[in-house]
Amino acid sequence: MTLVAGVDIGSTTAKCALIEDGKVVGRSLNPVGVELVKDAERALALALSDSGRERRDVRAVTGTGYGRFKVTFGQFTVTEIGCHAKGAHFLFPATRVVLDIGGQDTKAIKVDANGVVIDFAMNDKCAAGTGRFLDVCAGALGYDVSEIGPLSLGARRPVKVTNTCTVFAESEVSSYVARGKDPKDILAGLYGSIVSRSLSLLQRVGVEPEVTFTGGVSRNEGMVRTLRARLGLPVNVSPLSQFVGAIGAALYGLERLEAVPA
Ligand code: ADP
């Protein structure tokens, strides 16, 4: 039995996944602060306590995400693009395209039959169309982002969200609220605008079944519904969707261990 850990330090959250014998046996998810090394250590400790395993049982720790170099106690580091590809392939082996929307960026990734990256496209530096954009707009509506997913159900006249800049979109949302627009229609407008931007990234790599949606924003069911409707294709979403990068990192570590003769 080989136990491996992947630690994904993102712009907003730290995730850890523990894999043993082809199964995810433990995980943790926490917001990141300013001390990323501590956040990474805590992520591993919490996943270990979730799994009932000990630190000494972990054969390899692999860091990923923008803060991967803060996983100073790990053996390996890998970019999140490779990790999302590998993690999505692990959960849905027929995946050919991955859409990852995290706190600060969006990536469309084309993968081969083995979960290896063929091509990818990313949003520019601005937070438009990312989790941060939704966090801010949820706040302008008086909700936490974890509450807004189902609220767009039943929208009848989605508003047009014209601003892509997060700050301007926030004031656009506030002005719709002030004009008495139904929050359902405001959210449907926001989801439509984010999905439009995601679709143009997906088109850059080429859309083909199966599409897998990963990252924290895939936990937003309104976003999932809108993406499915606009793509006209089934979209895989796992209950582990926010852990896909960490899962891919753990699997990279396992491959590296297996590549080294004992
Ligand atoms: P990163 O890896 O960049 O830290 P994540 O992939 O963890 O980002 O995604 C964070 C984003 O996911 C948040 O900004 C938020 O918009 C969204 N999110 C997280 N949890 C939920 C939830 N329960 N419901 C809806 N959206 C969520």
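In listed order, ligands and their atoms are each counted from 1. Please read these numbers as outputs of a predicted model, since none were measured by experiment.
The nearest protein atom to atom 5 (P) of ligand 1, hydrogens excluded, is given as Gly216 N, 3.6 Å; this is a heavy-atom distance.
Between Lys70 and Glu35, none of the side-chain N atoms (NZ, or NE/NH1/NH2) sits under 4.0 Å from a carboxylate O, so this pair counts as no salt bridge. Ion pairing between a basic and an acidic side chain is recognised when a charged N comes within 4.0 Å of a carboxylate O; Lys107 and Asp105 show such pairing.
Set against the non-hydrogen atoms of Gln242, the atoms of ligand 1 under 4.0 Å away are 5 (P), 7 (O), 9 (O), 19 (C). In the vicinity of Thr13, heavy-atom distances shorter than 4.0 Å reach the ligand 1 atoms 4 (O), 5 (P), 7 (O). Near Asp135, meaning under 4.0 Å from any of its heavy atoms, are these atoms of ligand 1: 13 (C), 14 (O), 15 (C), 16 (O). For ligand 1, the atoms lying closer than 4.0 Å to a non-hydrogen atom of Gly215 are 6 (O). Taking a cut-off of under 4.0 Å to the non-hydrogen atoms of Val145, the atoms of ligand 1 that pass are 15 (C), 16 (O), 24 (N), 25 (C). Contact atoms of ligand 1 toward Gly10: 1 (P), 2 (O), 4 (O) (distance under 4.0 Å to a heavy atom of the residue). Those atoms of ligand 1 that come under 4.0 Å of a heavy atom in Gly131, given as number and element, are 14 (O), 16 (O).
The shell of residues lying under 4.0 angstrom from ligand 1, judged by heavy atoms, excludes Glu147.
Arg197 and Ser193 form a side-chain donor-acceptor contact under 3.5 Å, judged by distance and modelled atom types alone. Side chain to side chain, Asp185 and Tyr176 fail the donor-acceptor criterion of an N or O pair below 3.5 Å. A donor and an acceptor atom, one from each side chain of Thr212 and Asn236, are located under 3.5 Å apart.
In this structure, Lys86 forms a cation-pi arrangement with Tyr252, its terminal cationic atom sitting closer than 6.0 Å to the ring centre and no more than 45° off the ring axis.
Side-chain contact between Phe133 and Val217: absent, with no pair of heavy atoms (C-beta onward) separated by less than 4.5 Å.
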